[in-house]
Amino acid sequence: MTTRYRVEYALKTHRRDQFIEWIKGLLAVPFVLHSQPTGVFESRTGTVAQMAEEAHRRYAEIMQDVEDMIDDHIAHQKVGLHSQSKLKLLVPTIGEFFTRLPLADAFRYQDRKRFISSRRFVPPSFNDIRLILNTAQLMGLINAGGVDLATFDGDVTLYEDGKCLEPTNPVIQRIINLMSHGTKIGIVTAAGYTEAEKYYGRLYGLLEAIKESTILSPSQKENIVIMGGESNFLFKYDPTSPYLLAHLHRRSWILPSMSTWNQQTITNLLDLAEVSLRECVANLSLPASILRKERAVGIIPSEPGYRFPRESLEETVLNVQKKLEMSEVGKLLPFCAFNGGNDVFVDIGDKSWGVCVCQKYFGGSASTVDEGGSIRGDRTLHVGDQFLSAGSNDFKARVVGTTAWIASPAETVELLDELGAMMGAKKELAAGKE
Ligand code: IMP
Ligand code: MG
């Protein structure tokens, strides 16, 4: 019973994205009906081109239907009835949409790139749909007015897990290009350090490139902050500071609702997290050291080069998260327990707060703000790699802005190229109309 519960509940439901799985299921039907695997050895079934054309038409129709259903969900959202939309009934985990998602167009774009409709044996996959959703999100943002704030996770999104953003990283030029269009940038990472030097060590390639850039004006260069420890330490780019970063005191940037996070509650939450991490280390016999910080506690390998089994990392995250959720202190403070690939951390706050702080920080100089003076969610894009509902940290950003789910630093570069092309096309169109 226990084992079955664990497999079904913990490892399956939480390791799947319900919305993506649902779309995958819808596309599986035309795949089964129209793909022609026998075409590999017999000619009666028509050419690949004919099959691809038919599959393409059917897939696009389905994506259009889903797009219409999202429009209906947004209409419900606007009058406070999103829990009654048809989409909500079909996909109970669905949240808020900040922009429309032109899924049919996004599908056509990705089909040209990935030849989804030409496949006879492999149906539209999780990754196909994830990338279609990313493209649709970029299209939605551009149609709604553009990206005023782009926030990026660090590990896996900008650089390989545990590595640094080196000067040769192709993402640097893409970020500078975005900044040259007036977009503000936040690096919203779980990596929690109090010293500028540590962040410089992780991000020096980007910081030095901004300093040397001739395409950015001095004021555009100011448009980047680093939000560390999910939502705990804020640094701004400053060419006159050592390591090009100036630490900003918490009292100068915290949101009013963060002022209740007092030291005693923080200590209590981290104490409890530490106890349950220690229990997991003992129960799973992990060669791990506990790392306690000002605003976080985690486990890291105690032997250099050791890699924790994936199952142990997941078990630890789900255990700690449950224990904190059930506790009194867990109800007083937001926290984020996540699997960092080869470590597990519990941080105070989460990336929804981190992105919110960036929205507020840059709100004063943005053209479109909400009533609180912050950059709006429909003008914000958070790019990250951790979007599963349990044990992931980027997932939390979904409640404050639009998101793109990438799987590697190379995908981030591709995404930014896509965005750059869309921004360029929009500019050309606007110039043509003048
Ligand atoms: P991210 O992908 O940029 O959010 O970075 C996550 C990684 O930062 C984790 O997997 C850890 O290896 C590392 N890290 C360093 N310090 C901290 C901390 O205080 N909290 C959480 N993660 C940390
Ligand atoms: Mg990451």
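When a ligand or atom number is given, it counts from 1 through the structure's own listing order.
Ser85 and His76 are not linked by any side-chain donor-acceptor pair at a separation below 3.5 angstrom, with hydrogens and angles left out of the test. Residues Asn319 and Thr316 have side chains that never bring a donor and an acceptor to within less than 3.5 angstrom of each other.
Of the heavy atoms in Asn393, only side-chain atoms (C-beta onward) come closer than 4.0 Å to ligand 1. Contact annotation: for Thr189 versus ligand 1, heavy atoms closer than 4.0 Å belong to both the backbone and the side chain. Only the side chain of Ala296 comes within contact range of ligand 1, with a heavy atom under 4.0 Å; no backbone atom does. Contacts with ligand 1 closer than 4.0 Å are made by side-chain heavy atoms of Lys351 only, the backbone lying farther away.
Residue pairs meeting the side chain to side chain donor-acceptor pair (under 3.5 Å) criterion with at least one partner in residues 169-186, sequence neighbours excluded, are Arg174-Asp417.
Leu332 CG to Asn268 CG: the interatomic distance, rounded to the nearest 0.5 Å, is 9.0 Å. Taken from CD in Glu67 to CD1 in Ile62, the straight-line distance is 14.0 Å, to the nearest 0.5 Å.
Within a 6.0 Å radius of CD in Gln263, more than 12 heavy atoms belonging to other residues, nucleotides or ligands are found.
Each of Ile175, Ile172, Ile406 was evaluated against Leu158; a single residue qualifies, Ile175, per the side chain to side chain contact (heavy atoms under 4.5 Å, CB included) test. Of the candidates Thr380, Thr402, Leu419, Asp378, Leu141 forms a side chain to side chain contact (heavy atoms under 4.5 Å, CB included) with just one, namely Thr402. None of Asp385, Val156, Asp343 except one satisfies the side chain to side chain contact (heavy atoms under 4.5 Å, CB included) rule with Asp161; the exception is Val156.
Counting only protein N, O or S atoms closer than 2.8 Å to the Mg ion (ligand 2) gives 3.
Here's the thing with Asp161: none of its N/O atoms is less than 3.5 angstrom from an N/O atom of ligand 1. For ligand 1, none of its N or O atoms has an N or O atom of Arg202 under 3.5 Å away. The shortest N/O to N/O separation between Lys293 and ligand 1 falls below 3.5 Å. Note: no N/O pair closer than 3.5 Å links Tyr159 and ligand 1 by distance alone.
For ligand 1, the atoms sitting less than 4.0 Å from at least one non-hydrogen atom of Gly340 are 10 (O), numbered in the order shown with element in parentheses. Which parts of ligand 1 touch Gly154 is read off a 4.0 Å heavy-atom cut-off, strictly below it: atoms 3 (O). The distance from ligand 1 to the heavy atoms of Asp347 drops below 4.0 Å at these ligand atoms: 18 (C), 19 (O), 20 (N), 21 (C).
Put simply, the side chain of Ser213 gets close to the backbone of Leu216: a donor and an acceptor are under 3.5 Å apart. When atom types are taken as modelled, the side chain of Lys221 and the backbone of Tyr237 share no donor-acceptor pair closer than 3.5 angstrom. Proximity of a side-chain donor or acceptor of Tyr199 to a complementary backbone N or O of Tyr193 within less than 3.5 Å is detected. Distance alone, capped at 3.5 Å, places no donor-acceptor pair between the Asp394 side chain and the Phe387 backbone.
Closest heavy-atom approach to atom 18 (C) of ligand 1 among the candidates Ala190, Gly162, Gly341: Ala190. The residue among Thr194, Val344, Asp343 with a heavy atom at the shortest distance from atom 9 (C) of ligand 1 is Asp343.
The closest protein non-hydrogen atom to atom 5 (O) of ligand 1 is Asp155 OD1, 3.4 Å. Protein heavy atom nearest atom 13 (C) of ligand 1, with residue, atom name and distance: Ala191 CA, 4.2 Å. Annotation: atom 1 (P) of ligand 1 to nearest protein heavy atom, Asp153 OD1, 2.9 Å.
Note on ring orientation: taking the six-membered ring where Trp is involved, the planes of Phe126 and Trp405 are perpendicular (angle over 60°, cut-offs 30° and 60°).
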